[in-house]
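Reading through the structure tokens given below for one structure.
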There are 2 protein chains.
Amino acid sequence: MKEGTLELPGNCRLTSNYDVLQWDVREGCEVRQILDRIADKWSLLVIALLDKRTMRFAELRRSIEGISKRMLTTTLRQLERDGIVERTVYATVPPKVEYNLTPLGNSLLDTVQALVIWTETNQVRIAEARDQYEARQNESA
Amino acid sequence: MKEGTLELPGNCRLTSNYDVLQWDVREGCEVRQILDRIADKWSLLVIALLDKRTMRFAELRRSIEGISKRMLTTTLRQLERDGIVERTVYATVPPKVEYNLTPLGNSLLDTVQALVIWTETNQVRIAEARDQYEARQNESA
DNA sequence: CAGTATCCCTTTAGATACTG
DNA sequence: CAGTATCTAAAGGGATACTG
């Protein structure tokens, strides 16, 4: 495996000592900024929920137990700003606002779902690992 | 598409009104806990870096610009507790500690890399979306 | 309904100093 | 080297009240 035999994203480099990719994850770099944005407490859930459908504000709020009005607004605004979510306001009384994924958001959906599914699939193994970790702690103490 | 024709993870339900999956993301549920753990500021980067190799504490710290000793320790301990990272201590002076992904961690790697690559691939589109969002804000003001 | 604005408490996480 | 302990500034985020 030599440099140039593979198309790498611009922030990757191939180290000479190991045949592995190394990420350039400098503080404040674009990738870090975007990762911090989408990998937060709520964004992933919002994206997963908007799969193939449009949802209204209150509907999203009911679907994500524990989220406050303020945080849902903040999260949706950030996702809108990043071009991941589209916001449509209907000039009715009372107002109606719909949210859906943009094409860019849709391109992110597969990955997000993969992450959620991995989490679901492996929750038992993780619970076991935690038990074993606890056991080891008690043992050495 | 009818219920039962597809194997769904236990936390999914099929709503009757739409042919889409709905996630059960109740506060404090297993999936939410695990998602909160791995989708944080540093865990994704640590997992991505440990791809196919072992790294020492200081090496990880150098690779992730901006992370403090304390946060790297905390992140690694959580990942170890969840069975995603394995920690090996060599009883030498000075001490040497190596970290690598467990099989469980490796099963998560593809998804994490997909997320990082998506971020890299789409950073220009996101930057454009932000500019347009700003423009719209100024316009309406 | 879909937000904003404000207040204020809680959590997070950086800096620093110390240790086996 | 690979941490731990402590302190503290800053950010996160809930509760409440108000608005077009």
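Residue numbering restarts at 1 for every chain, and letters A, B, ... go by the order of the sequence lines.
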Give me the first and last nucleotide of DNA chain C, going 5' to 3', that has any atom under 4.0 Å from a heavy atom of chain B.
-> C:dA13 to C:dG20
Measure the distance from CZ on A:Arg70 to C1' on D:dA15 and round it to the nearest whole Å.
-> 10 Å
Sugar-phosphate, base or nothing in reach of A:Arg61, heavy atoms under 4.0 Å = nothing
Look at all strands and tell whether A:Tyr90 reaches a base, only sugar-phosphate, or nothing, counting heavy atoms closer than 4.0 Å.
-> nothing
Less than 4.5 Å apart, any side-chain heavy atom of B:Tyr99 and any of B:Thr88?
-> no
What is the minimum heavy-atom distance between A:Thr54 and A:Glu59, and which atoms define it?
-> O-OE1, 4.3 Å
Carboxylate-amine/guanidinium proximity below 4.0 Å for A:Arg81 and B:Glu134 = yes
Rounded interatomic separation in angstrom, taking NZ from A:Lys69 and P from D:dG14 = 14 Å
From the options A:Thr102, A:Asn106, A:Leu108, A:Leu101, select the one residue that forms a side chain to side chain contact (heavy atoms under 4.5 Å, CB included) with A:Leu104.
-> A:Thr102
Given side chains that start at C-beta, do those of A:Trp42 and A:Ile64 come closer than 4.5 Å, heavy atoms only?
-> yes
Using heavy atoms to find the nearest nucleotide of DNA chain D for A:Pro94 and A:Gly66 separately, return the residue whose nucleotide is more 5′.
-> A:Gly66
Please round to 10 degrees the angle between the axis of the first five pairs and the axis of the last five pairs in the helix from C:dC1-D:dG20 to C:dG20-D:dC1.
-> 60°
Rounded to whole angstroms, how far apart are CD1 on A:Ile67 and P on D:dA15?
-> 13 Å
To the nearest 0.5 Å, how far apart are CD in B:Glu86 and CD in B:Glu80?
-> 8.5 Å
Identify whether B:Met71 and B:Val46 are in the same connected component of the hydrophobic contact network (ILVMFWY, side-chain heavy atoms under 4.5 Å).
-> yes
What is the distance from atom CG of B:Asp40 to atom CG of A:Asp36, rounded to the nearest 0.5 Å?
-> 9.5 Å
